[in-house]
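Worksheet: the structure to be examined is printed underneath.
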Amino acid sequence: MNIVQLLDPQLRPRVAVVEEPRLRLLQHCESLHQLATSALRSERPLGELIASTLSSEALDYDPIYHGYSEWRLRPPILHPLEPTRVIVSGTGLTHRRSAANRQAMHTASSEAPVTDSMRMYDWGVEGGRPQPGRVGVQPEWFYKGSGYCLRGHGEPLVVPPYAEDGGEEAEVAGVYIVDGGGQPRRVGFVTGNEFSDHVMERRNYLYLAPSKLRSCAIGPELALDHAFDDLRG
């Protein structure tokens with residue numbers, strides 16, 4: 001089941017289920033956050049709750065997707081009242097090539113000592129998938145921004161004046177909500193464009209943090225029913 005968030009021609013928020021080539025609108029629902037929190041409180045599966053709120057109203061998806069409609073796609077997850085309650089973050093060194101590029105910044109010799117970057121990557125390979133009940137290796141973590149930096153499908157991404165570049169960086173993002181007990185609960189997965197300054201990043205691996213331009217995009221669809229251990233992009 002894939003979900004989108006929209007604004008209608010009067011700029012009112014709506015939520016819809018993707019039923020190619022149509023979007024099926026939900027009744028009495030303004031945000032996926034509202035649905036997810038209701039599912040947590042009632043201890044009902046999110047998909048079951050969504051199915052119970054389907055309306056008979058459907059829209060053609062293609063005109064909305066391509067920007068020809070008065071309806072507009074939004075990021076598929078937002079806090080309905082306060083964007084600062086959304087944290088956009090990521091983990092680094094998840095790709096072998098990224099670690100190898102950092103290793104190459106230090107030396108051109110294949111016999112040179114292993115760098116901290118490559119060592120962290122190797123730790124993740126060895127301990128990044130711990131057995132149940134065991135603590136794994138903590139990944140490198142970076143903060144991208146709050147919900148104010150999120151853009152939806154078709155919205156522009158801004159290259160700030162201090163940046164040397166604005167480059168696409170395809171990602172698969174996990175969307176989580178923290179429940180009343182403080183436990184992160186995964187809602188689903190969504191495609192993203194992290195949008196980074198790769199010119200600055202190439203200067204030195206220590207410039208990784210400032211290379212993370214705040215403006216970034218996710219969407220248009222949030223997939224609810226993919227298994228975390230078998231996610232393919």
Side-chain angles (χ1 to χ4, degrees), residues 1-7 13 15-16 18 20 23 31-33 36 61-69 71-79 83-102 121 139-177 184 186-203 205 207-226 228 230-233:
M1 181 181 287
N2 287 12
I3 301 294
V4 297
Q5 293 197 132
L6 309 102
L7 289 175
V15 182
V18 179
E20 292 281 6
L23 297 177
S31 73
L32 181 60
H33 183 277
Y61 194 2
D62 277 355
I64 300 172
Y65 183 90
H66 292 293
Y68 304 144
S69 169
W71 290 74
R72 290 288 181 267
L73 288 162
R74 309 172 71 205
I77 187 70
L78 293 167
H79 192 279
T84 57
R85 295 189 184 184
V86 176
I87 295 176
V88 184
S89 63
T91 59
L93 293 180
T94 54
H95 306 289
R96 179 75 184 182
R97 177 161 188 152
S98 173
N101 286 343
R102 296 195 200 185
Y121 176 85
E140 182 188 19
W141 183 88
F142 64 85
Y143 171 72
K144 182 84 174 179
S146 72
Y148 281 110
C149 76
L150 281 179
R151 301 292 179 267
H153 175 75
E155 291 187 86
L157 296 172
V158 178
V159 181
Y162 60 81
E164 299 179 83
D165 172 55
E168 294 184 359
E169 193 163 338
E171 306 283 359
V172 175
V175 174
Y176 293 79
I177 286 182
R186 188 170 60 253
V187 180
F189 295 98
V190 62
T191 55
N193 180 0
E194 194 194 313
F195 197 60
S196 296
D197 183 349
H198 297 125
V199 172
M200 176 177 285
E201 184 179 356
R202 280 195 295 269
R203 292 182 184 275
Y205 75 98
Y207 276 138
L208 180 64
S211 76
K212 303 295 182 186
L213 303 179
R214 297 302 171 223
S215 184
C216 58
I218 58 171
E221 301 176 18
L222 181 68
L224 301 182
D225 47 9
H226 286 282
F228 183 82
D230 191 33
L231 185 67
R232 307 181 188 197

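Please read all numbers here as calculations on a predicted model, not as lab measurements.
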(request) Determine the minimum heavy-atom distance between L6 and V15, stating which atoms define it. (result) CD1-C, 4.5 Å

(request) For residues E155 and P75, report the shortest heavy-atom separation together with the two atoms involved. (result) OE2-CD, 4.0 Å

(request) State which residues pass side-chain contact (heavy atoms from CB on, under 4.5 Å) with Y176; sequence neighbours excluded, sorted by chain then number. (result) P184, R186, F228

(message) Quick check on Y207: does its OH atom have over 12 non-hydrogen neighbours (other residues, nucleotides or ligands) under 6.0 Å away?
(response) no

(request) Give the minimum heavy-atom separation between T84 and Y148, together with the two atoms involved. (result) CG2-CE1, 3.5 Å

(message) Closer than 3.5 angstrom, by distance alone: can the side chain of S69 be matched with the main-chain N or O of W71 as a donor-acceptor pair?
(response) yes

(request) Measure the shortest side-chain to side-chain distance between I87 and S146 over non-hydrogen atoms and say whether it is less than 4.5 angstrom. (result) no

(message) To check you understand the geometry: which heavy-atom pair defines the closest contact between I3 and P76, and what is its length?
(response) O-CB, 4.2 Å

(message) Rounded to the nearest 0.5 Å, what separates atom CZ in F195 from atom OG in S215?
(response) 6.0 Å

(request) Enter the distance from L23:CG to L73:CG here, rounded to the nearest 0.5 Å. (result) 7.0 Å

(request) Please report the closest heavy-atom contact between G166 and V159, naming both atoms and the distance. (result) CA-CG2, 3.9 Å

(request) Determine yes or no for a side-chain-to-main-chain donor-acceptor pair under 3.5 angstrom, with E171 supplying the side chain and N193 the backbone. (result) no

(request) Kindly compute the distance separating CZ (R74) from CG (L7), expressed to the nearest 0.5 Å. (result) 5.0 Å

(message) Surrounding OH of Y68 (heavy atoms of other residues, nucleotides or ligands, distance under 6.0 Å), is the total greater than 12?
(response) no

(message) Before you tell me yes or no, could you show the steps for V88 and C216 under side-chain contact (heavy atoms from CB on, under 4.5 Å), namely the whole-Å CA-CA distance, both residues' side-chain angles and the distance that decides it to 0.1 Å?
(response) CA-CA 9 Å; V88 184; C216 58; 4.0 Å; yes

(message) Which residues pass the ring-ring contact (aromatic ring centres under 6.0 Å, His included) test with H79, not counting sequence neighbours?
(response) H33

(message) For a 4.5 angstrom cut-off between non-hydrogen side-chain atoms, does I77 reach V86?
(response) no

(message) How long is the straight-line distance from CZ of R202 back to OG of S211, given to the nearest 0.5 Å?
(response) 10.5 Å

(request) Output yes when a side-chain donor or acceptor of D165 lies under 3.5 Å from a complementary backbone atom of H198, and no otherwise. (result) yes

(request) Please answer whether the main-chain N or O of K144 pairs with a side-chain N or O of R214 as donor and acceptor at a distance below 3.5 Å. (result) yes

(message) As an exercise, state the distance from CD of E194 to CG of L157, rounded to the nearest 0.5 Å.
(response) 11.5 Å

(request) Report yes if some heavy atom in the side chain of P160 is under 4.5 Å from a heavy atom in the side chain of L213; otherwise report no. (result) yes

(request) Could you tell me whether the side chain of D225 and the main chain of M1 form a donor-acceptor pair under 3.5 Å? (result) yes

(message) Quick check: do Y61 and V4 have side-chain heavy atoms less than 4.5 Å from each other?
(response) yes

(message) Applying side-chain contact (heavy atoms from CB on, under 4.5 Å) to F142 and S89, what does each step give before you reach the verdict?
(response) CA-CA 6 Å; F142 64 85; S89 63; 5.7 Å; no

(request) Could you tell me whether the side chain of E169 reaches within less than 4.5 Å of the side chain of K212, counting heavy atoms only? (result) yes

(message) Quick test of your reading of the model: are R203 and E164 salt-bridged, counting only N-O distances below 4.0 Å?
(response) yes

(request) Could you tell me whether the side chain of P210 reaches within less than 4.5 Å of the side chain of M200, counting heavy atoms only? (result) yes

(message) Looking at H153 and Y65, would you say the former's side chain and the latter's main chain have a donor-acceptor pair under 3.5 Å?
(response) yes

(message) For G219, is there any backbone N or O sitting under 3.5 Å from a side-chain donor or acceptor partner on T191?
(response) yes

(request) Measure the CD1-CG distance between I177 and L32 for me, rounded to the nearest 0.5 Å. (result) 6.5 Å

